Asks: 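Have a look at this one.
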There are 4 protein chains.
Amino acid sequence: MKVKVTDKKRALLEATLTLVNNSGFHDAPMSKIAKTAGVAPGTIYRYFEHKQDLINTLYLEVKSSFSTAAFGGYTSSMPVEEGFRVIWYNIADYKLNKVSEATFLSQCDNTPIIDESIRAEGLVHLQPLLDLWERGKQEGVIRPLSNYVLYAYAVYPLSFLLAVQEREFYKLDEMTKDETFQAAWAAITP
Amino acid sequence: MKVKVTDKKRALLEATLTLVNNSGFHDAPMSKIAKTAGVAPGTIYRYFEHKQDLINTLYLEVKSSFSTAAFGGYTSSMPVEEGFRVIWYNIADYKLNKVSEATFLSQCDNTPIIDESIRAEGLVHLQPLLDLWERGKQEGVIRPLSNYVLYAYAVYPLSFLLAVQEREFYKLDEMTKDETFQAAWAAITP
Amino acid sequence: MKVKVTDKKRALLEATLTLVNNSGFHDAPMSKIAKTAGVAPGTIYRYFEHKQDLINTLYLEVKSSFSTAAFGGYTSSMPVEEGFRVIWYNIADYKLNKVSEATFLSQCDNTPIIDESIRAEGLVHLQPLLDLWERGKQEGVIRPLSNYVLYAYAVYPLSFLLAVQEREFYKLDEMTKDETFQAAWAAITP
Amino acid sequence: MKVKVTDKKRALLEATLTLVNNSGFHDAPMSKIAKTAGVAPGTIYRYFEHKQDLINTLYLEVKSSFSTAAFGGYTSSMPVEEGFRVIWYNIADYKLNKVSEATFLSQCDNTPIIDESIRAEGLVHLQPLLDLWERGKQEGVIRPLSNYVLYAYAVYPLSFLLAVQEREFYKLDEMTKDETFQAAWAAITP
DNA sequence: AATGAATGAGAGTTCATTCAT
DNA sequence: AATGAATGAACTCTCATTCAT
C-alpha cells in the first residue's frame, strides 16, 4: 500500500523528467504529466503542492543522484590525481549514460525554472570535489584557480559533449573518453 | 521615419531578451513583452508572425552578434596560437560584458525553445574557429581531438563562468582571465 | 451522473443554437455561449474540440432531427401522393414549430459556416424522399424533373415561409397550410 | 478625379462581395477587403462609416440591381401571364448569371448580418410583382394566396437551384429552365 | 486515496478602427 | 484624399488548480 503510493510519486517524477526534456518546461502541462504517469490530474496534488514543487523536488532528486554517482568508489584518502580521475570518470559515465537526468540538469542550470534557494540546496553535495581541489592546490598539483574555474574546465565541458551527443552529431566512446580526460587534466594542472 | 519603425522592432527584441532572461521563456507572455517594449500587444504582430518567430529572430540576431564579436581583429593568416588567443579573448569579453546576450544564448542552447533548423542556421558563423583548429591539428600544435571536444574545453567553460558571475559568486577580472586562458590553452594543446 | 454530463453538452448545443440564430455565427463568441449555457468558458472544450466542432455537431444533430421528423409515419409502400403528403406535412410542421432548428438550418445552408464534408454528411437522410420521387416519375404522377428542381418547388418554399413568419409578417395556419400544399403538389405534378 | 474616388468605392464593394461569398461574413476582415480592393485599410473609412455600413450599402445596391433586372422589359399593362413570365425569366437569368450577387443576397436573407431596417428598405422595389399578383387574383388567374406564399413558390425556389448549381451538382440550361417555369406557374395558378 | 469534471484567469492572436503623416 | 502603423478590446483556446464524489 505504502509502496503503491510511492510508485505514483515515482511515476510522476519520471513523467515530468521525460516531458520537460522533450518539450521544455513551457510545454509540459500538468494534464500531460498526469496522463504520462498514468494518474488523474488531481492526484498530482496529493504528492506535490504545485507544479513548482514538483519541479523543485525532481531537481533535487536528480542532483542528488548525480552527486551520489559522482563519488562512488572515491575516498578522500586517495591521491589527488587518482581521486580526480575516479570522480571525473564517474561524472562522464553519468552524463553519457543517464542521459535524461543529465539533460534535465543542463536545462535547469541555464534557465530560471528553479528557485534560487533550491538551486543552492542542490550544490552542497559537491563538497568532496572542492575539498579534493583544495588539497591539490596545497600540494601544488592543481593550478591555484578558483574552484569555479576548475569546475568550468574539468566538469562542465562534459555537459556540452552530452548535448552534442544528444543531437547525434558525435559519440563519445571509451577511447575518446580517455583523451578527453587528458584535456580536462591538462586544463587544471600546472 | 524608417528609424522609428526599426526602433519598435528593436525595443521588442530587447524586451524579449530581458524577460526571457529574467523569467524564462515560459513566463514571458506577449502582453508583458509588449508592455516592457512600450507598445500595444497587437503591435508585436506587425513585426513578428508569432511568438516563436520573435524568439527565433532574437536568437539568430544574438548568435550573429556573438560571432561577429568573436572574430573581430582575427585573420586566418595569424599563427594558430595568436589566432586562438584573439578569438578566445573576444569570446570571453563578449560573455562577460554582453551578459544578457550571453545568458540568453546559454538558455537557448540547453532548452527546446529554439526550432532545430534555426539552431543549425545559427551555427554556420563559427566556421573560422573550426578552420583554425584544423590547421592547428595539422601543424601538431592542437590536440587531435574532435572539434566538439575542443569547443567543449576551449570555449564552453566560459558559459559556466558567466552563469556563476551572474549569480554573484565570482568575478572574472583581467588577471584571472589570463590564468583562465592558460587553462583553456593547456586543455587543447598536446 | 452520466445524465448530468450530457446535460452540459445539451445546454451548450442549445445555447449555440439560440445565439447563432439571434446574432449570427460571427457574433456568437464562445464566452457568450458558455454564459448562456451556464458553464465556464473552459468547459466547452471538454465536449468539443473547437468552435467549428461545436457548430458541426450541432448542424448534424439538427439535420438528423429534421430528417427523423420528416419521415415519421411514412412507409415506402404508400402510394406516391399519400407518401408525399405525409412527408410534406411533416416538414411543414417541423419548420413551423421547431422554429429555432429550422432557422439554424436555413442559415447553415446559405453560408460557408459549415465544412463542406459535414454538409454532405447531413444530406444522406433525405434519400426516402428522392426514392419516392423516382417512383412517382416512373408512374407518371410526378413531373420528369431533376430531384433538385422538385425539392426546390416542393420543400424549399417552406423555408421562406418560416423566415417570413419569424419576422412576424405572416402566420401559416392550418387552412392556409392546406392551400400551400396544393401549390406544392401542383408544382411537381404534370 | 471624381471618377477615381468612385472607383475605389466600387472596388471596395466588389471586394466585399467576393470575400463574404467565399469565406462568409465572419471571415472577411477589413484588412483583407482593403487588400483585395487594392486600397489601404484606413481608406475604407473615407467611404463607409464602419463595416456594417459597408455591408448594408452593398446589400442595398445588390438588392436594387436585382430589382432593376427583374423588371426589365416589363410593363404593368401586360397580361398577367405574360408579365409574370417576363419577370420570372428575368429573375432566373439574374440568379443563374449574376451568381455572386445572388449568392450574397441568399446569405443575407438567412442571416442576421443585415439590420432589419435595411432589409425592409430593400424590399420596396418588389412592389410591381406584388401588384401584378393582386391583379391576377382579381382576374382569377392567380390562386388567392398570400403574396408571401406566391413568392415562396414562384421565385424563392430559384435560390435553391442557384445554390445547387454553385456546388456543381446541377446545371439549369435553357430547356430545363422552361420546365422549371412550368412548375412555378403551376404552383401559383388555380 | 484517487478521480476527473469543472473552473476561470490568462495565454497567444486577430481585427475594426484611429490618426499622424 | 490616402496611407498604413498603431491600438487595445475581444476573440479562441489552454492549463494549473480545486472539489464533489
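Everything numeric in this text was worked out from a predicted model, so none of it was measured. In what follows, every chain begins at residue 1, and chains take the letters A, B, ... in the order their sequences are listed.
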Asks: Of the candidate nucleotides E/dT3, E/dT13, E/dA6, which contains the atom at the shortest distance from the side chain of B/P41?
Replies: E/dT13
Asks: Enumerate the side-chain hydrogen bond (donor to acceptor under 3.5 Å, both in side chains) contacts for residues 102-117 of chain C, please, sequence neighbours excluded, ordered by first and then second residue.
Replies: C/N56-C/D115, C/Y59-C/D109, C/E116-C/R119
Asks: Would you please name every residue forming a ring pair (Phe, Tyr, Trp, His ring centres under 6.0 Å) with D/H125, sequence neighbours left out?
Replies: none
Asks: Just how far, in rounded Å, is P of E/dG8 from CD1 of C/I33?
Replies: 18 Å
Asks: Could you pull out all donor-acceptor pairs under 3.5 Å where a side-chain atom in residues 27-42 of chain C meets a protein atom, sequence neighbours excluded?
Replies:
unit_1: C/T36; atom_1: OG1; unit_2: C/K32; atom_2: O; d: 2.8

Asks: When you match B/R46 and C/G42 each to their closest nucleotide on DNA chain F, which lands nearer the 5' end?
Replies: B/R46
Asks: Could you tell me which residues satisfy side-chain contact (heavy atoms from CB on, under 4.5 Å) with D/E121, sequence neighbours excluded, listed by chain and number?
Replies: D/L60, D/I118
Asks: Check DNA chain F against residues 20-32 of chain D and give the residues with a non-hydrogen atom under 4.0 Å, in numerical order.
Replies: none
Asks: Specify the residue among D/I44 and B/I44 whose closest nucleotide of DNA chain F lies further upstream toward the 5′ end.
Replies: D/I44
Asks: Could you tell me the separation between the NZ atom of A/K35 and the C1' atom of F/dT14, rounded to a whole number of Å?
Replies: 14 Å
Asks: Tell me which pairs pass salt bridge (Lys or Arg N to Asp or Glu O under 4.0 Å) where either residue lies in residues 39-48 of chain A, with sequence neighbours left out.
Replies: none
Asks: The criterion is side-chain contact (heavy atoms from CB on, under 4.5 Å); which residues satisfy it with B/T68, sequence neighbours excluded?
Replies: B/S64
Asks: Could you pull out all residues at least two apart from A/E61 that satisfy side-chain contact (heavy atoms from CB on, under 4.5 Å)?
Replies: A/R10, A/L13
Asks: Sequence neighbours excluded, which residues qualify as side-chain contact (heavy atoms from CB on, under 4.5 Å) partners of D/S65?
Replies: D/Y94
Asks: Expressed as a whole number of angstroms, how long is the span from C/D7:CG to E/dA5:P?
Replies: 15 Å
Asks: Quick one, which residues of residues 48-56 of chain B touch DNA chain E with a heavy atom under 4.0 Å?
Replies: B/H50, B/K51
Asks: Taking the minimum atom-to-atom distance to the side chain of D/Y47, which one of F/dA2, F/dG4, E/dT3 wins?
Replies: F/dA2
Asks: To the nearest angstrom, how far is A/K9 atom NZ from E/dA1 atom P?
Replies: 12 Å
Asks: Any side-chain N or O of C/K8 less than 4.0 Å from the OP1 or OP2 oxygen of E/dA6?
Replies: yes
Asks: Check whether any side-chain N or O of C/Q52 sits under 3.5 Å from a backbone N or O of C/I114 as a donor-acceptor pair, and report yes or no.
Replies: no
Asks: Holding to ring pair (Phe, Tyr, Trp, His ring centres under 6.0 Å), I want the full list of residues that pass it with D/F48, two or more places apart in sequence or in another chain.
Replies: none
Asks: Counting only side-chain nitrogens and oxygens, does A/Y45 get under 4.0 Å of the OP1 or OP2 atom of F/dC19?
Replies: no
Asks: Using Watson-Crick pairs (N1 to N3, plus N6-O4 or O6-N4) and G-U wobble pairs, both distances under 3.5 Å, which stems of at least 3 pairs involve DNA chain F?
Replies: E:2-21 with F:2-21
Asks: Can you find a pair of side-chain heavy atoms, one from D/V20 and one from D/I55, that are under 4.5 Å apart?
Replies: yes
